[in-house]
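Written below as structure tokens is the structure these notes are about.
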Amino acid sequence: MTETSARRPIIILDFGGQYAHLIARRVRGLGAYSDIRDPSTPAKELKGAAGIILSGGPQSVYDTASPTADPKIFSLGVPVLGICYGLQWMTKALGGTVSPGKVKEYGHTEIRPVSGGGILLKDIGERCTVWMSHGDEASKLPDGFQLTATSDSCTHAAFEDPRRKLFAVQFHPEVTHTEHGLEILRRFVELCPATPWSVEGYAKRIGDEIQEQVGDRRVFMLVSGGVDSTVAFVLLNEVLGAHRVQGLLVDTGLMRKNEIAEIRAAFEKLGVTNVRIEDASAEFFHALQGLVDPEEKRRAIGDTFLAVQKRVSEDLGLTASDGWMLGQGTIYPDTIETKGTRHADHIKTHHNRVPAIQQMLKKGLVIEPLKELYKDEVRALGEELGLAHELVWRHPFPGPGLGVRILCAAKPDTFAVDDVGIKRWAGGWAVLPVRSVGVQGDGRTYRHALALFGKEPFELTEQLWRFATEIPNKRREFNRVLLCTSSVEPRPFIFSPGVITKERADLLRDADAIVTEEMRRADLYERIWQFPVVLLPFGATPGGQSVVLRPVESQEAMTARAAAIPQDVLRRMTERIMKLPGIDFVFYDLTSKPPATIEWE
Ligand code: XMP
């Protein structure tokens with residue numbers, strides 16, 4: 001942790017487009033240590049790299065604003081692999097030519113290895129289906145390169161310079177749709193003298209580093225009940241001993257049903273007793289009084305956390321001057337800010353990187369023992385440490401908890417619309433009288449959702465999924481598309497002002513518990529990434545409210561796809577939620593991220 005420079009990673013230069021994390025995880029899966037960096041990192045800072053992978057990205061190398069890397073990376077003497085945009089930048093940087101392709105290719109394509117496929121594409125057969133996504137292509141190879149694969153629409157689909165160990169593929173070997181993709185990556189990884197990587201035995205390896213960083217101090221840590229902070233806390237306990245660690249579990253009043261009791265039981269089962277549980281729910285509800293803006297709510301929750309933490313740590317004599325430092329469950333994707341991931345960070349302020357924490361980090365007062373791990377690796381470590389399977393496989397839950405799932409508004413905010421840009425929809429539609437956060441084009445949006453009503457409210461048809469993509473594309477005033485699962489025809493939405501109250505939190509907790517129960521019962525819970533349930537301040541009656549179901553599939557939450565839930569499960573959830581007091585509508589969020597985000601706020 002303190003001296004990652006001692007390790008030789010394969011460095012992925014992130015050209016954007018969300019591919020870098022996937023490549024990094026694949027490389028780790030192949031047993032090599034990987035790290036993601038901004039493409040503008042100077043070559044001299046990459047001297048410790050065992051190899052370099054240039055990731056794909058959505059741009060054209062001819063746009064002046066497109067990302068570039070330092071051409072001196074080719075003189076470091078380590079293997080370099082350019083993927084998609086990475087291939088094009090590499091071609092241009094080494095004196096080849098890139099031109100607009102004959103056709104733009106998105107999706108499956110067949111390539112044919114030539115000259116035996118060279119080193120990377122050797123023995124993969126005469127034809128191979130790969131996943132491509134590009135407009136430009138390399139029209140003239142740089143000196144020293146030989147062609148290793150071609151396709152009907154892309155003459156130079158792969159090429160390499162074996163002498164200098166430089167490789168380029170126009171397709172994406174990291175996606176599962178590419179046949180032999182992993183094999184191709186493996187061949188590259190095997191050429192790189194990278195530090196071996198495996199999460200097995202991580203606790204032991206990281207133990208020395210934790211000891212060294214903490215020295216003779218002790219660690220105070222906020223645990224939320226989420227996977228990351230729980231695993232980090234148990235790891236610190238294991239390494240430092242319980243007498244040098246103190247946990248604090250703050251009951252914000254915005255947790256899931258029975259959450260505090262479940263966490264307490266899980267810790268007790270492990271013999272972990274050094275956690276103080278502080279009921280601060282009244283303080284949180286007080287701080288949230290009258291607030292409706294999502295970022296203001298986040299700030300209020302963040303500030304209250306800090307105030308409670310300060311009060312308790314002073315109470316227990318756990319301050320820096322007493323030799324204590326702060327532990328956090330930060331994981332790898334939360335720590336990197338590159339061209340590809342920077343974007344997402346501006347959408348919502350992440351609670352473990354607020355300014356107060358940044359300052360403490362600079363002073364060396366923070367320890368983050370999981371900051372090199374991906375979520376799936378954290379889970380594997382959790383199991384290794386003996387944590388209960390159910391706890392380790394719980395869905396991620398945001399720091400501000402239900403606070404970002406209870407939508408608040410002082411007055412209705414809506415507009416009339418005749419044409420929403422879709423054809424052949426037999427049902428009706430209605431614009432919601434509240435807005436939610438999304439990410440469209442270059443940044444954060446705060447826009448409306450469009451609800452569709454149809455005769456088959458539990459059937460998620462192809463047409464619906466298509467509308468969910470088309471509508472926000474054509475009508476930028478919408479960032480979400482929903483299906484109403486509780487009524488077949490629109491009824492007027494009746495808005496009632498709503499802020500965060502204990503009553504609303506209790507109601508949402510009940511709806512959330514129904515969803516979790518039904519997902520577990522159908523054995524679907526662990527198959528999806530997350531399933532936020534959201535409460536909206538309008539219904540069909542004065543004072544009535546609505547619930548949104550938001551199941552998503554995702555790898556690391558940078559992008560996500562709405563998950564399809566089977567009809568019978570959706571029906572049961574809807575029927576049970578409709579029985580809760582004052583719930584008038586249930587909706588199903590069909591939108592991907594982008595243009596929506598996973599959470600509504
Ligand atoms: P979005 O809504 O931005 O969420 O697509 C991406 C992932 O981050 C989680 N999330 C948070 N986690 N503090 C957290 O610890 C936060 O303030 C926060 N906001 C969103 C969200 O649940 C999803 O997994």
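Everything quoted here is computed from the prediction, not taken from an experiment. What's counted below: heavy atoms across the whole structure, side chains too, no hydrogens, waters or symmetry copies.
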Is any side-chain heavy atom of Leu570 closer than 4.5 Å to one of Leu549?
yes
Tell me every residue that passes side-chain hydrogen bond (donor to acceptor under 3.5 Å, both in side chains) with Glu179, counting only those two or more places apart in sequence or in another chain.
Thr129
Under a 4.5 Å cut-off applied to non-hydrogen side-chain atoms, are Phe159 and Thr150 in contact?
no
Would the distance check show the side chain of Arg26 and the main-chain N or O of Arg186 forming a donor-acceptor pair, the cut-off being under 3.5 Å?
no
Going by the angle between their ring planes, with limits at 30° and 60°, are Trp131 and His177 parallel, tilted or perpendicular?
tilted
Expected output: side-chain Asp63 to main-chain Ala65 donor-acceptor under 3.5 Å
no
Taking Arg187 for its side chain and Lys122 for its backbone only, find out whether a donor-acceptor pair lies under 3.5 Å.
yes
Note, Cys84 side chain near Phe15 side chain (heavy atom, < 4.5 Å)
no
Could you give me the CA-CA distance, side-chain angles and deciding distance for Val552 and Lys593, then say whether side-chain contact (heavy atoms from CB on, under 4.5 Å) is met?
CA-CA 9 Å; Val552 292; Lys593 171 186 181 178; over 6 Å; no
Would you say the side-chain atoms of Thr597 pair up with the backbone N or O of Val437, donor to acceptor, closer than 3.5 Å?
yes
Quiz item: cation-pi between Arg480 and Phe587, 6.0 Å / 45°
no
Should the pair Tyr525 and His395 be assigned to parallel (<30°), tilted (30 to 60°) or perpendicular (>60°) ring geometry?
parallel
Residues, nucleotides or ligands: over 12 heavy atoms within 6.0 Å of Glu200 CD:
no
Please evaluate residues His21 and Tyr332 with respect to the criterion side-chain hydrogen bond (donor to acceptor under 3.5 Å, both in side chains), reporting the C-alpha separation (whole Å), side-chain torsions for both, the decisive distance (0.1 Å), and the verdict.
CA-CA 10 Å; His21 280 290; Tyr332 187 66; over 6 Å; no
Do Ile111 and Cys128 have side chains that get closer than 4.5 Å, going by heavy atoms?
yes
Nearest non-hydrogen partners of Gly51 and Cys192, listed with the distance
CA-SG, 3.8 Å
Is any side-chain heavy atom of Leu76 less than 4.5 Å from a side-chain heavy atom of Ile52?
yes
Which pair of non-hydrogen atoms, one from Gln463 and one from Lys423, has the smallest distance, and what is that distance?
NE2-O, 4.2 Å
Do Glu599 and Arg405 meet the salt-bridge criterion of a basic N to acidic O distance under 4.0 Å?
yes
Within the structure provided, determine whether Val417 and Trp429 are in side-chain contact (heavy-atom separation under 4.5 Å).
yes
Does a side-chain N-to-carboxylate-O contact under 4.0 Å join Asp228 and Lys375?
yes
Just wondering, more than 12 heavy atoms not from Asp143 lying within 6.0 Å of its CG?
no
Looking at Asp35 and Arg8, does any basic side-chain N land under 4.0 Å from a carboxylate oxygen?
no
Measuring only between side-chain heavy atoms, which start at C-beta, is Leu373 closer than 4.5 Å to Tyr202?
yes
Within a reach of under 6.0 Å around CZ of Arg561, are more than 12 heavy atoms found that belong to other residues, nucleotides or ligands?
no
Hey, is the main chain of Ile36 close enough, under 3.5 Å, to the side chain of Asp14 for a donor-acceptor pair?
no
Ser554 side-chain N/O to Thr559 backbone N/O, donor-acceptor pair under 3.5 Å:
yes
Heavy-atom pair of closest approach, residues Glu160 and Leu120:
OE1-N, 3.4 Å
Testing the basics here: between Ala157 and Ser151, what is the closest heavy-atom pair and its distance to 0.1 Å?
CB-N, 4.2 Å
Within-4.5 Å side-chain heavy-atom neighbours: Thr109 and Phe171
no
Residue pair Ala194 / Ile10: nearest heavy atoms and the distance that separates them:
CB-CG1, 3.9 Å
So for atom NZ, which belongs to Lys140, do other residues, nucleotides or ligands contribute more than 12 heavy atoms lying within a distance under 6.0 Å?
yes
Matching residue for Glu372 among Arg205, Arg28, Arg7 - test: salt bridge (Lys or Arg N to Asp or Glu O under 4.0 Å)
Arg7
Looking at Arg550 and Pro532, would you say the former's side chain and the latter's main chain have a donor-acceptor pair under 3.5 Å?
no
Between His134 and Asp136 (side chain of the first, backbone of the second, donor and acceptor by atom type, cut-off under 3.5 Å), is there such a pair?
yes
Correct closest heavy-atom pair for Gly382 and Val231 would be CA-CG2, 3.8 Å
Donor-acceptor under 3.5 Å (Ser66 side chain, Ser60 main chain):
yes
Backbone N or O of Pro396 within a donor-acceptor pair of the Gln530 side chain at under 3.5 Å?
yes
